[in-house]
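The structure under discussion appears below in the form of structure tokens.
Heavy-atom basis, side chains included; hydrogens, waters and symmetry copies ignored. Lettering of chains follows the sequences in order, A, B, ..., and the numbering in each one begins at 1.
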There are 2 protein chains.
Amino acid sequence: MAESTAANGPEADDGRPDLAAMMVPLGRALMAAELPVLRAHGLSMWAYAVLLALGEEPTRSQSALAQAIGADKTRIIGVLDGLQDRGLIERRPDPRDRRVHLLLLTPEGRRLRDAARNGIRRWEDRLLARLADDDREAFLRGLRTLSALPEEEIADPGPAAPPR
Amino acid sequence: MAESTAANGPEADDGRPDLAAMMVPLGRALMAAELPVLRAHGLSMWAYAVLLALGEEPTRSQSALAQAIGADKTRIIGVLDGLQDRGLIERRPDPRDRRVHLLLLTPEGRRLRDAARNGIRRWEDRLLARLADDDREAFLRGLRTLSALPEEEIADPGPAAPPR
DNA sequence: ACATATAGTAAGCGACTGCATATCATCCAT
DNA sequence: ATGGATGATATGCAGTCGCTTACTATATGT
């Protein structure tokens, strides 16, 4: 069955490049573009990811946080240290289990997160303005849907056809 | 102006996470999911990227190819060596400038590329089936549009409103 | 109380990447 | 013909990442 398309030209099928082939470089470019904004607020990419994740839900345990932002649990320790030293987050031992740390944003941290996020949001809006008005919302919906999928479902997304 | 949103809850604004914050992990997951498919064809990610890039337009000079797929020019040499040894691509000195190499897929390479691409395409279709029917096309259009933008325009996407 | 398990921390390893340098062949302008 | 650019190549360095191991403090089940 591969042969039918194999016989076609280079722009066979719908000419759509690989999803990952578009997504990965685009992600890289987005990250590169955001970096200066973050640097202006003294944030690294990981630090920003932490602030975003904490803002969305005050997190119990660092491992959970690490998992949530797709980082290694041992690698965010330094990041958390830095944020804590700057008074942007609080590490508070959970009274019910003194092994785990409750992580929460300080008002300061919330302010910085919002400032950085607004800076990035303004840039994103200009970027998204490049999309056709009709596509923009659907694009964002699609992106959110896919990025919310658990990893296993991406690896093996079940049967092919939702009643088309 | 940051304060207006700073006062809101965690899901303030439109609750949209950062673009890069969605795109980068998603890209990683996509890549991870594609890897087994590629491995089954004996291809690395870079090798596959090369095959795709060559398929789309026979490329003059390796630097150009490297740039096209966002790789380091010195790092794809080994990849090209491997592909050439397996008879998947041809490195032919340009008769008009014998310093540069013309890079082209052999029929074999074309076959392998298509086989791998079809495998990936099948998986992608199942994944994209997770999106609402109305969103799917727009999502792909948006993704293609953005990923086709030159890096500079992503870094600085000009004024907010596109001369619609 | 004792054994087992888990959270956070520290340190190191291997792989990959981007970046820089050096070499050689070839081209181009003078 | 000569000098200065350029493409491909080889090599090495530094930074980052994911992963593993080990250690400490704490919790839980027996």
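- Here the side chains of B:L103 and B:E90 are not in contact, with every heavy-atom distance at 4.5 Å or above.
- Between B:L83 and B:V50 there is a side-chain heavy-atom pair separated by less than 4.5 Å.
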For residues 61-74 of chain B, tabulate all N or O donor-acceptor pairs below 3.5 Å that involve a side-chain atom, not counting sequence neighbours.
unit_1, atom_1, unit_2, atom_2, d
B:S61, OG, B:A64, N, 3.1
B:Q62, OE1, B:R91, NH1, 3.0
B:Q62, OE1, B:H101, ND1, 3.2
B:D72, OD1, B:T74, N, 2.8
B:D72, OD1, B:T74, OG1, 2.7

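- Between B:D114 and B:R111 there is no salt bridge, since none of the side-chain N atoms of the basic residue sits less than 4.0 Å from a carboxylate O of the acidic one.
- In the region residues 35-51 of chain B, proximity to DNA chain C at under 4.0 angstrom, judged on heavy atoms, holds for B:W46.
- Residues from residues 61-94 of chain A with heavy atoms under 4.0 angstrom of DNA chain D, sorted by number: A:G70, A:D72, A:T74, A:R75.
- Checking B:L88, B:I89, B:L105, B:L54 one by one against B:R113, the side chain to side chain contact (heavy atoms under 4.5 Å, CB included) holds for a single residue, B:L105.
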Would you tabulate the side-chain donor-acceptor contacts of residues 146-157 of chain A under 3.5 Å, counting partners in other chains and residues two or more places apart, or write 'none'?
unit_1, atom_1, unit_2, atom_2, d
A:S147, OG, A:L143, O, 3.3
A:S147, OG, A:R144, O, 3.4
A:E153, OE1, B:R130, NH1, 2.3
A:E153, OE1, B:R130, NH2, 3.0
A:D156, OD1, B:R126, NH1, 3.2

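- Between B:T106 and B:G87, the shortest heavy-atom contact is OG1-O, 2.6 Å.
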Trace of the side chain to side chain contact (heavy atoms under 4.5 Å, CB included) decision for A:E124 with B:D18: CA-CA 8 Å; A:E124 283 183 353; B:D18 215 75; 3.7 Å; yes

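- When side chains are defined from C-beta on, B:L140 counts as touching A:L19, because their heavy atoms get closer than 4.5 Å.
- Using a 4.0 Å cutoff on non-hydrogen atoms, the parts of residues 95-105 of chain A near DNA chain D are A:D97, A:R98, A:R99, ordered by number.
- Every pair tested for ring-ring contact (aromatic ring centres under 6.0 Å, His included) that includes a residue from residues 30-61 of chain A fails, sequence neighbours excluded, so the list is empty.
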